Amino acid sequence: MDQRSKAEKVHHVFEKIYDKYDVMNSVISFQRHKAWRKDVMKRMKVKPGEKALDVCCGTGDWTFALGEVVGKSGQVTGLDFSRNMLSIAQTKLDQEPLPQISFKHGDAMNLPFEDNSFDYVTIGFGLRNVPDYLHVLKEMTRVVKPGGKVVCLETSQPTIPVYRQLYYFYFKFVMPLFGKIFAKSYNEYAWLHESAKDFPNRKALKALFLEAGLTDVQIKSYTGGVAAMHLGIKPEK
């Protein structure tokens, strides 16, 4: 699939499933995604007053988690290319206003920010959906400050043999069925299997982090390798 057709496909998927996305996230990960993110946040060591960008923010879960930590003296921007997903995030923000948080419509392939703008740039379960993984990592590296951190939490490839087979069976057959039952979107959740299956494993993604210009890349696997964190630091000039 070429870059343009992948971008169009992904856009269609998220414009369609946006209103069931939060419920389905919990179903798909057996509620584990919240625990994974909490652990990643601990490893990031975010401080009050800092500035973060959450790329492919979707309905804003990670954006809000970052916003709570940076506090009112900090600033967090959530960016996504699906206006429907952003509408859910914005509704959440309207219900519980946090002045340090804002949402912006934009493309991960061409981040609308100056170089060296943020202390942290995160992407949670979004990198697998972009047309060019390395290009997006380079963009994230560009907009993070020297000494700042680029962090990805994403589905990964389990390494334990039987567990690996069960994981792929779940993603290929069970998850689209859940999508049909909970979100009336069988094809859209079948696509999520496709995007997860083709995503680089931990070592390959670490290599992309290094190629994007990041150093000291840390990896942490979760739940037998079904998800993994990659955290890299932009070198000080």
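Quantities reported herein were computed from a predicted structural model and do not represent experimental measurements.
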Participant: Before you tell me yes or no, could you show the steps for L208 and L205 under side-chain contact (heavy atoms from CB on, under 4.5 Å), namely the whole-Å CA-CA distance, both residues' side-chain angles and the distance that decides it to 0.1 Å?
Facilitator: CA-CA 5 Å; L208 290 179; L205 186 53; 4.2 Å; yes

Participant: Does some side-chain heavy atom of V226 sit less than 4.5 Å from a side-chain heavy atom of Y222?
Facilitator: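 Counting from C-beta outward, Y222 and V226 never come under 4.5 Å.
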
Participant: Which atom pair, heavy atoms only, marks the closest approach of E139 to M109?
Facilitator: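 Nearest heavy atoms, E139 then M109: CG-O, 3.6 Å.
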
Participant: State the OG1-CD distance between T215 and E236, to the nearest 0.5 angstrom.
Facilitator: 9.5 Å

Participant: Is K92 paired with D61 through a side-chain N to carboxylate O contact shorter than 4.0 Å?
Facilitator: yes

Participant: Cationic tip of K51 within the cone over F118's six-membered ring, i.e. under 6.0 Å and within 45° of the normal?
Facilitator: yes

Participant: List the atom of F113, the atom of R142, and the distance in Å for their closest heavy-atom pair.
Facilitator: O-NH1, 2.8 Å

Participant: How many angstroms lie between atom NE2 of H105 and atom CG of L86, to the nearest 0.5 angstrom?
Facilitator: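 Output value for this atom pair is 6.5 Å.
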
Participant: Name the orientation class of the two ring planes belonging to F199 and Y133 (parallel below 30°, tilted from 30 to 60°, perpendicular beyond 60°).
Facilitator: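 Aromatic pair F199/Y133 classed perpendicular.
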
Participant: Taking the ring of F64 and the ring of F103, is the distance between their centroids below 6.0 Å?
Facilitator: yes

Participant: Find out if a path of hydrophobic residues (ILVMFWY) with successive side-chain heavy-atom gaps under 4.5 Å connects L134 to L153.
Facilitator: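 Unlinked, L134 and L153 end up in two clusters.
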
Participant: Taking all atoms of both residues into account, what is the closest heavy-atom pair of A108 and C56, and its distance?
Facilitator: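 Heavy atoms of A108 and C56 come nearest at CB-SG, 4.0 Å.
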
Participant: With side chains defined as the heavy atoms from C-beta onward, is the minimum distance between L53 and V143 less than 4.5 Å?
Facilitator: yes

Participant: V55, V69: one ILVMFWY side-chain cluster at the under-4.5 Å cut-off?
Facilitator: no

Participant: Identify whether I123 and V76 are in the same connected component of the hydrophobic contact network (ILVMFWY, side-chain heavy atoms under 4.5 Å).
Facilitator: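 Cluster IDs for I123 and V76 differ.
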
Participant: Which distance, rounded to the nearest 0.5 Å, do you find between the CD of Q100 and the CD of E68?
Facilitator: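 The CD atom of Q100 sits 8.5 Å away from the CD atom of E68.
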
Participant: With a 4.5 Å cut-off on side-chain heavy atoms, are M229 and V151 touching?
Facilitator: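 They are in contact (side-chain heavy atoms under 4.5 Å apart), so the answer is yes.
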
Participant: State, to 0.1 Å, how close K145 and N116 come at their nearest heavy-atom pair, and which atoms those are.
Facilitator: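 Looks like CG-O, 3.4 Å.
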
Participant: Sub-3.5 Å donor-acceptor pair from the side chain of E96 to the main-chain atoms of L93, do we have one?
Facilitator: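 Here the side-chain-to-backbone pair does not exist.
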
Participant: Could you state the interatomic distance from OG (S117) to CD (Q75), rounded to the nearest 0.5 Å?
Facilitator: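 So the OG of S117 and the CD of Q75 are separated by 9.5 Å.
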
Participant: For the residue pair D54 and L79, establish whether any side-chain heavy-atom pair is separated by less than 4.5 Å.
Facilitator: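 No, their side chains stay 4.5 Å or more apart.
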
Participant: CG of L127 to NE2 of H230: how many Å apart, nearest 0.5 Å?
Facilitator: 10.0 Å

Participant: State, with a plain yes or no, whether a side-chain heavy atom of V150 is found less than 4.5 Å away from one of K234.
Facilitator: no

Participant: Could you work out, with side-chain hydrogen bond (donor to acceptor under 3.5 Å, both in side chains) as the rule, every residue matching T77, not counting sequence neighbours?
Facilitator: none

Participant: Taking all non-hydrogen atoms of both residues into account, name the closest pair between V217 and K206 and its distance.
Facilitator: CG1-CG, 3.8 Å

Participant: Any non-hydrogen side-chain atom of V40 less than 4.5 Å from a side-chain atom of W62?
Facilitator: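 The answer is yes, as the side chains (C-beta and beyond) meet within the 4.5 Å cut-off.
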
Participant: For L214 and K149, what are the C-alpha separation, side-chain angles and deciding distance, and is it a side-chain contact (heavy atoms from CB on, under 4.5 Å)?
Facilitator: CA-CA 9 Å; L214 298 159; K149 294 171 183 171; over 6 Å; no

Participant: Using a 4.5 Å cut-off on heavy atoms from C-beta on, say whether the side chain of I101 contacts that of T63.
Facilitator: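 They are in contact (side-chain heavy atoms under 4.5 Å apart), so the answer is yes.
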
Participant: Are F209 and I233 linked, directly or through intermediate hydrophobic residues, by side-chain heavy-atom contacts shorter than 4.5 Å (ILVMFWY only)?
Facilitator: no

Participant: Going through the distances and angles, do V46 and L66 end up as a side-chain contact (heavy atoms from CB on, under 4.5 Å)?
Facilitator: CA-CA 8 Å; V46 181; L66 288 161; 4.1 Å; yes

Participant: Can you sort out the partners of R37 under salt bridge (charged side-chain N to carboxylate O under 4.0 Å, His left out), two or more places apart, ordered by chain and number?
Facilitator: none

Participant: Please determine whether residues F125 and M41 belong to a single hydrophobic cluster, defined as Ile, Leu, Val, Met, Phe, Trp and Tyr linked transitively by side-chain heavy-atom distances below 4.5 Å.
Facilitator: yes

Participant: Testing the basics here: between A89 and G60, what is the closest heavy-atom pair and its distance to 0.1 Å?
Facilitator: CB-N, 4.1 Å

Participant: Taking CZ in R43 as the centre, count heavy atoms belonging to other residues, nucleotides or ligands within less than 6.0 Å. Is the count above 12?
Facilitator: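 Counting neighbours around CZ of R43, more than 12 heavy atoms of other residues, nucleotides or ligands fall under 6.0 Å, so yes.
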
Participant: Working note: Y120 + V144, criterion side-chain contact (heavy atoms from CB on, under 4.5 Å); need CA distance, chi angles, decisive distance, verdict.
Facilitator: CA-CA 6 Å; Y120 302 88; V144 82; 5.7 Å; no

Participant: When rounded to the nearest 0.5 angstrom, what is the spacing between SG in C152 and CG in L137?
Facilitator: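 Going from SG on C152 over to CG on L137, the span is 7.0 Å.
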
